[in-house]
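Presented below is the structure to which this report refers.
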Protein chains: 2
Amino acid sequence: MPKLVAGDIATALRKRISSGEWEDRIPPERDLAGEFGVARNTVRRAVGLLEEDGTLVRQVGRGTFVAAADPNSMPAVFARMEGTSPADMMEIRLLLEPAAAGFAATNASAGELNAVRDAYQTACEATDMPEFEHWDAEFHHRIFACSRNEFLKELHNLMRILRNQSPWFEMKKRSFSEERRQTYCVEHEAILDRLLRRDPEGARAAMLAHLQTVARNLLGR
Amino acid sequence: MPKLVAGDIATALRKRISSGEWEDRIPPERDLAGEFGVARNTVRRAVGLLEEDGTLVRQVGRGTFVAAADPNSMPAVFARMEGTSPADMMEIRLLLEPAAAGFAATNASAGELNAVRDAYQTACEATDMPEFEHWDAEFHHRIFACSRNEFLKELHNLMRILRNQSPWFEMKKRSFSEERRQTYCVEHEAILDRLLRRDPEGARAAMLAHLQTVARNLLGR
DNA sequence: CTGTTATGAACCGATAGTGAACCAATCTAT
DNA sequence: ATAGATTGGTTCACTATCGGTTCATAACAG
């Protein structure tokens with residue numbers, strides 16, 4: 001039988017890693033070799049095994065690090081969210097925005113509704129596309145602000161941030177036209193009308209219809 | 001060893017910044033280098049890290065300043081989300097989870113449904129409360145995993161993280177009893193049943209009913 | 001014998017930190 | 001208005017510590 005020292009060292013290392021002995025960086029190979037009373041090449045093989053199965057990450061000139069990265073940490077979740085596809089995002093908008101419109105119809109103050117109306121009007125009167133986009137987004141955001149659900153509002157913020165990133169930008173550009181802008185204005189007006197009438201079910205339906213239009217335009221079909 | 005001092009200095013600076021030690025302007029790099037007993041180049045690297053993530057802004061000839069917090073940045077959104085009230089959160093769960101169950105009924109693979117069933121059974125057979133809680137959460141999470149909407153899945157992760165924070169913990173404890181645990185098991189079984197029958201509308205309704213029970217228990221009424 | 005594994009050593013290239021010099025923008029005091 | 005001090009920006013040579021690679025050698029199992 002061969003000595004399999006490398007394998008033994010690998011399991012020993014794995015144990016000490018999972019015990020949390022090393023926060024993120026493990027000692028240099030040369031030190032480990034000394035500690036285990038073994039040649040560096042042997043340690044290298046052991047570390048190589050742990051690197052293959054994703055336990056460790058090696059960086060020349062820096063050191064060897066435990067792969068770590070808690071997949072349930074906030075940053076990790078946000079990082080994965082950045083890869084959200086337009087279709088997935090749209091599916092969620094179709095869930096949340098009509099609900100937000102419904103909440104807004106019942107909960108909004110008169111002042112908040114005025115703010116929504118202002119955003120609607122400014123968007124309609126916008127002359128160039130970036131300005132329309134801004135007030136379009138603001139219109140939707142102000143509806144969320146009326147919902148009286150802070151978490152829902154922040155979820156919309158989150159979606160806004162995600163939509164202001166790379167693949168979306170071009171997509172929005174391609175899917176835009178003067179005709180569609182006017183369609184959006186009409187649909188916004190319908191939503192605003194239901195909000196002002198304090199009609200939750202109507203607001204929900206109007207928002208749903210609007211988003212279905214947006215989805216058609218954005219995702220093509 | 002490359003000591004990787006820059007990273008440590010960066011975190012030290014981040015801490016002192018958030019503690020409000022410096023209102024607006026932080027000390028010159030040369031001073032910091034002296035204070036940390038380190039070369040200026042090293043401080044520059046640390047400050048560079050904080051500049052990249054938007055914590056600091058540097059201006060030649062003037063100094064280095066803590067950046068005004070952008071309310072539309074990911075960290076800011078996250079920070080505000082941490083203050084989410086149980087009622088607001090519940091309102092969103094009532095929107096998202098039934099939808100996820102509906103998606104799952106149509107999109108899940110057989111293997112994924114097995115995983116859901118396993119989580120259900122393990123939760124039912126759990127003897128102590130922490131174990132039940134874990135598999136309860138896992139049951140819900142695996143349903144989201146079946147939804148085939150990555151963004152929806154991450155939204156659930158987000159809510160899970162938020163719910164694992166301070167005010168929630170005690171709340172869950174107070175709202176818990178053996179009787180309720182059994183109720184949850186029965187309701188979970190109903191959801192699982194609809195999923196296995198590939199009945200989206202039924203799954204949606206069953207999940208909604210379950211969450212309404214949870215809401216009653218959690219928020220009292 | 002052959003093939004595998006471990007050894008020990010040497011050398012490579014990448015990365016981090018040091019210390020110092022000099023540049024360019026800005027502010028302050030005269 | 002000008003001169004000098006202050007501050008971040010850039011570059012450089014140098015050192016030390018890493019992982020990456022190779023090779024000759026020894027030990028051992030089949």
Side-chain angles (χ1 to χ4, degrees), chain A residues 1-69, chain B residues 1-70 73:
Chain A
M1 238 218 315
K3 299 181 204 163
L4 288 183
V5 180
D8 299 343
I9 294 183
T11 61
L13 285 178
R14 188 174 283 118
K15 195 172 292 181
R16 292 171 67 175
I17 289 170
S18 62
S19 84
E21 177 171 345
W22 300 301
E23 281 300 297
D24 75 324
R25 182 178 175 179
I26 77 172
E29 292 172 354
R30 289 167 175 89
D31 292 6
L32 288 176
E35 188 175 334
F36 285 105
V38 97
R40 179 157 87 104
N41 273 342
T42 309
V43 169
R44 276 190 60 71
R45 265 207 257 174
V47 173
L49 293 175
L50 300 192
E51 188 188 21
E52 274 184 35
D53 70 24
T55 308
L56 293 177
V57 174
R58 296 202 269 202
Q59 290 182 42
V60 188
R62 297 194 67 215
T64 304
F65 305 82
V66 313
Chain B
M1 250 209 287
K3 302 169 204 161
L4 307 190
V5 173
D8 298 344
I9 294 184
T11 62
L13 287 178
R14 190 175 281 117
K15 194 173 292 178
R16 292 170 69 174
I17 289 169
S18 63
S19 84
E21 178 170 345
W22 300 300
E23 280 301 296
D24 174 36
R25 179 175 165 177
I26 77 172
E29 292 171 354
R30 290 168 175 86
D31 292 5
L32 289 176
E35 186 175 336
F36 285 105
V38 98
R40 179 157 86 104
N41 273 342
T42 307
V43 168
R44 277 190 59 72
R45 239 193 266 212
V47 173
L49 292 175
L50 300 192
E51 188 187 22
E52 273 185 35
D53 70 23
T55 308
L56 293 177
V57 174
R58 297 202 268 203
Q59 291 182 43
V60 186
R62 287 182 28 95
T64 303
F65 306 82
V66 314
D70 174 10
S73 69

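Quick note on labels: first sequence line is chain A, next is B, and so on, each numbered from 1.
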How long is the line joining CZ of R58(A) and P of dG13(C), in whole Å? 19 Å

Can R58(A) and R44(A) be said to form a side-chain contact (heavy atoms from CB on, under 4.5 Å), step by step? CA-CA 11 Å; R58(A) 296 202 269 202; R44(A) 276 190 60 71; 3.6 Å; yes

Atom pair CZ/CG of R14(A) and L49(A) - distance to nearest 0.5 Å: 8.0 Å

Stepwise, does the side-chain contact (heavy atoms from CB on, under 4.5 Å) test hold for V66(B) with L56(B)? CA-CA 4 Å; V66(B) 314; L56(B) 293 177; 4.0 Å; yes

May I ask you to verify whether the side chain of R30(B) and the base of dG8(D) hold a donor-acceptor pair under 3.5 Å? yes

Could you tell me how far apart L56(B) (CG) and dG8(D) (P) are, to the nearest whole angstrom? 11 Å

Walk me through it: do I17(B) and L50(B) pass the test side-chain contact (heavy atoms from CB on, under 4.5 Å)? CA-CA 10 Å; I17(B) 289 169; L50(B) 300 192; 4.0 Å; yes

For side-chain contact (heavy atoms from CB on, under 4.5 Å), just list the numbers for F36(B) and L13(B), CA-CA rounded to whole Å, side-chain angles, deciding distance to a tenth of an Å, and then say yes or no. CA-CA 10 Å; F36(B) 285 105; L13(B) 287 178; 4.0 Å; yes

Between L4(B) (CG) and dG19(D) (P), how many Å, whole number? 11 Å

If you compare every side-chain N and O of T42(A) against the phosphate oxygens of dT5(C) (OP1, OP2), does one of them come in below 4.0 Å? no

How long is the line joining CD of E52(B) and P of dG9(D), in whole Å? 13 Å

In whole angstrom, what separates L32(A)'s CG from dG20(D)'s P? 13 Å

Spacing between E29(B) atom CD and dG8(D) atom P, to the nearest angstrom: 5 Å

Return the value, rounded to whole Å, for the distance between atom CD1 of I26(B) and atom C1' of dG8(D). 11 Å

Check the phosphate of dG19(D) against R62(A), side-chain N and O only, distance under 4.0 Å to OP1 or OP2. Yes or no? no

Let me spell it out: for each of G37(B) and A39(A), pick the nucleotide of DNA chain C with the closest heavy atom. Which residue's pick is nearer the 5' end? A39(A)

Using a heavy-atom cut-off of 4.0 Å across all strands, would you classify V47(B) as base, sugar-phosphate, or nothing? nothing

Determine: side-chain N/O of R40(A) to OP1/OP2 of dG20(D), distance under 4.0 Å, yes or no. no

Hey, does the side-chain of N41(A) have a donor or acceptor N/O within less than 3.5 Å of a partner on the base of dT22(D)? yes

Once you round it to whole Å, what is the distance between C1' of dG8(C) and CZ of R45(A)? 14 Å

